[in-house]
Amino acid sequence: MLRSYEAMIEDGKIKWLGSEPEILKAHVIITILSDEQPRTLRRAASTSIAGKGKTNGNIVSSIVSEEDWECLK
């Protein structure tokens with residue numbers, strides 16, 4: 001029968017986060033908690049399209065009326 005227990009290792013010592021089990025044999029999976037923040041990759045637009053965009057109409061509302069939206073039909 002499999003049972004799960006949660007523990008932390010601090011300064012090389014196991015600290016159980018609940019009742020401490022009687023261990024005769026165990027298979028252990030360890031998750032390492034890191035203080036480092038994960039690096040995020042930033043994407044950038046190609047320089048070949050820089051300055052070629054054009055805004056048509058008001059950017060807050062649609063330039064096409066809702067009656068003309070095909071998805072609403």
Side-chain angles (χ1 to χ4, degrees):
M1 178 195 299
L2 296 175
R3 285 184 236 150
S4 296
Y5 297 92
E6 199 171 357
M8 293 182 69
I9 299 176
E10 292 178 348
D11 299 321
K13 296 183 181 184
I14 295 176
K15 178 182 176 186
W16 294 99
L17 301 177
S19 61
E20 184 175 341
E22 291 184 29
I23 302 173
L24 301 176
K25 185 176 182 181
H27 177 94
V28 180
I29 298 172
I30 298 175
T31 303
I32 306 296
L33 303 175
S34 175
D35 291 337
E36 290 183 26
Q37 295 294 324
R39 289 188 285 155
T40 56
L41 300 176
R42 295 187 59 119
R43 295 183 179 207
S46 171
T47 56
S48 65
I49 63 170
K52 295 181 181 176
K54 183 179 177 186
T55 302
N56 293 323
N58 184 345
I59 62 171
V60 176
S61 61
S62 176
I63 61 172
V64 179
S65 66
E66 289 185 25
E67 291 82 28
D68 293 336
W69 293 1
E70 289 183 20
C71 63
L72 296 178
K73 294 180 182 177

Residues forming a side chain to side chain contact (heavy atoms under 4.5 Å, CB included) with [X], sequence neighbours excluded:
| X | result |
| --- | --- |
| Ser65 | Glu67, Asp68 |
| Leu24 | none |
| Glu10 | Met8, Lys15 |
| Arg42 | none |

Tracing side-chain contacts under 4.5 Å among Ile, Leu, Val, Met, Phe, Trp and Tyr outward from Ile9 reaches Tyr5, Ile14, Trp16, Ile23
Kindly give the cluster partners of Val28, where membership spreads through any ILVMFWY side chain lying under 4.5 Å from a current member. Ile30, Ile32
Under the side-chain hydrogen bond (donor to acceptor under 3.5 Å, both in side chains) test, residues paired with Ser48 that sit two or more places apart: Ser46
